[in-house]
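Have a look at the structure below before the remarks.
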Amino acid sequence: MHRITVLQAKEALRTKKISSVELTEAVYRRIGAVEPRVQAYVHLLRESALEQAKRADAKIAGGEDAPLLGIPLALKDLICLQGARTTCSSRILDNFVSPYDATVAARLKSAGAVIVGKTNMDEFAMGSSNETSWHHPTYNPWDLTRVPGGSSGGSAAAVAAHECCASLGSDTGGSIRQPAAFCGVTGLKPTYGRVSRFGLVAFASSLDQIGPITQTAADCAEILNVIAGHDPFDSTSARVEVPDFTRTLDRNLQGLTLGIPREYFTSGMDPEVERAVREAIAILEAQGMKKVEVSLPHTSYAVATYYILACAEASTNLSRYDGVKYGYRSDQSASLLEMYTNTREEGFGEEVKRRILLGTFVLSSGYYDAYYLKGQKVRTLIKNDFEEAGKRCDVILAPVSPVPAFKVGERIGDPLQMYLSDIFTISANLAGIPAMSIPCGFTRDTGLPVGLQIMGRHFDEATLMRVAHQFQLATDFHTRHPSL
Amino acid sequence: MSGFDIDNVALLARLRLEGAERERLGKDLETIIRYIDQLDQLDTARVEPTSHVIPIQNVLREDEETRPFASSDYLNMAPSEKRNHYEVPKII
């Protein structure tokens with residue numbers, strides 16, 4: 001029962017084959033069985049979840065309906081949930097209990113969802129492996145000696161291990177798509193501005209976006225329907241029409257064009273990743289899509305641009321953690337300055353400090369033009385690349401990551417190598433376009449999932465999910481389960 | 001890249017770095033800054049910077065008084081508070 005998708009759960013609840021309480025209890029039994037090995041969660045919310053499940057059952061009995069009524073979901077631990085800890089997997093927020101709901105959390109709740117728990121992540125979403133979490137690492141359900149990806153590694157692992165029906169993650173440079181690829185699940189980073197970030201702990205405000213991690217593209221559409229849309233509490237949320245994303249899933253792919261960016265198929269890619277991605281492209285061509293080659297000439301500058309801009313924004317956003325108003329405070333300080341520096345020294349992990357330092361440097365007097373302004377200009381070039389490519393195709397297809405899930409400990413000692421593993425996902429954030437990851441095969445030698453990335457035009461998530469859904473109708477990669 | 005001074009940047013960032021960590025981070029950052037210096041290869045003299053990818057205007061709402069939280073809700077989260085104020089080590 002714990003293996004069901006959001007859509008299957010909806011149907012089973014509607015036809016009263018199961019109750020939400022039964023489903024929620026099955027999820028907690030599953031968590032009890034696999035969590036000691038996977039460690040996807042940082043806090044469980046059993047008591048409130050069972051309350052929400054009971055209320056959902058009462059509503060179902062009363063003939064009420066809501067988009068996610070009674071469905072067990074998980075939230076990445078940087079999304080505020082009233083009365084629950086929101087730690088960002090950082091010591092500095094370890095004792096923080098949110099006094100309010102993030103807009104996405106409020107929307108899930110009013111859609112009837114049951115919030116099972118908060119999932120593990122890289123500290124402040126800075127990392128690609130979940131190894132920078134202050135709490136503990138998370139392990140890949142397909143191979144427990146490997147990382148689940150990051151930074152939404154807990155959210156992806158929880159879905160892959162069936163410890164919830166679906167989850168929310170956040171994506172600043174690939175943090176939904178890369179863990180979705182590593183864990184063999186479906187993940188969507190919506191267009192910048194599509195989903196409110198009110199109540200999302202900020203990392204890089206011009207790049208961050210919340211999105212669903214699910215077993216299927218159809219489930220992604222169900223959840224995006226609930227969380228998308230303008231929010232008066234987030235001035236960067238876009239005032240654009242929100243379509244019913246489920247309505248266009250069933251349209252076939254005839255007449256659509258897929259673009260293959262030549263810069264994404266270069267040396268350095270694992271041959272098994274390349275094989276799986278090319279086979280997936282052939283499947284979509286067989287479904288009627290026309291293939292064209294496109295060029296994104298500034299791709300090789302994306303990582304450098306991203307680390308300038310993301311770290312600059314992070315250094316500003318994280319200056320609020322000073323031990324004064326909430327969170328951790330170092331208690332052995334003689335002066336205010338010492339309290340700040342001690343609190344931040346003890347409260348932040350090394351990767352967070354590395355990025356704060358880089359961000360502070362590129363914004364500092366004398367270096368702003370050479371680095372930060374330069375980065376913003378190169379961002380324009382990268383955005384223009386996508387606009388040009390978008391004139392020639394409806395979606396751009398590429399790998400999500402050049403490699404499948406790597407071993408725990410393999411890359412953590414070399415920060416630049418870790419950053420370079422985000423090469424294929426970062427550009428979508430810089431350009432603000434929607435992008436998703438779907439399972440498209442497995443490596444033959446190690447049996448690890450491979451992700452296909454589908455990128456699209458601003459606010460055209462519907463076409464992405466349509467392509468993904470049609471691919472999933474023709475393939476069974478998304479229905480395979482890790483043996484845990 | 002020139003002039004990267006780890007101690008000055010750490011002070012600006014309000015981070016106290018010492019010993020092995022200071023050394024490690026300093027080395028990492030020098031490598032990373034050398035890497036990001038590759039942007040110098042691009043001529044961007046005529047390129048406008050992008051700070052946000054979608055146009056964002058200032059958003060104003062009606063000036064209505066709202067009070068979602070009592071001040072005690074905020075103060076209860078503070079590591080230290082006294083007489084309805086945040087308490088910090090002595091400044092003067």
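The analysis underlying the following values was restricted to heavy atoms, covering all of them including side chains, and did not include hydrogens, waters or symmetry mates. Here is how names work: the chains are called A, B, and so on, in the same order as the sequence lines, proteins then strands, and each is numbered from 1.
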Please classify the contact of [X] with chain B as side chain, backbone, both or neither, using a heavy-atom distance under 4.5 Å.
X      : result
A:T343 : neither
A:L337 : side chain
A:F459 : side chain
A:S364 : side chain
A:L430 : backbone
A:T236 : both
A:P99  : both

- prompt: Taking every heavy-atom pair that is under 4.5 Å apart, which of A:D331, A:I308, A:D322 has the most such pairs with chain B?
  reply: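 Among A:D331, A:I308, A:D322, the one with the most close pairs to chain B is A:I308.
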
side-chain contact (heavy atoms from CB on, under 4.5 Å) involving A:R457 - partner list, sequence neighbours excluded: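 A:R457: side-chain contact (heavy atoms from CB on, under 4.5 Å) contacts with A:D394, A:D460.
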
field: Part of B:I91 lying under 4.5 Å from any heavy atom of chain A
entry: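 It is the side chain, since no backbone atom gets that close.
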
- prompt: What residues of residues 82-89 of chain B sit under 4.5 Å from chain A when only non-hydrogen atoms are counted?
  reply: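 The stretch touches chain A at B:Y86, B:E87, B:V88, B:P89.
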
query: Taking A:E351 for the side chain and A:T132 for the main chain, is one N or O donor matched with an acceptor at less than 3.5 Å?
result: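 Looks like no, no N/O pair under 3.5 Å.
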
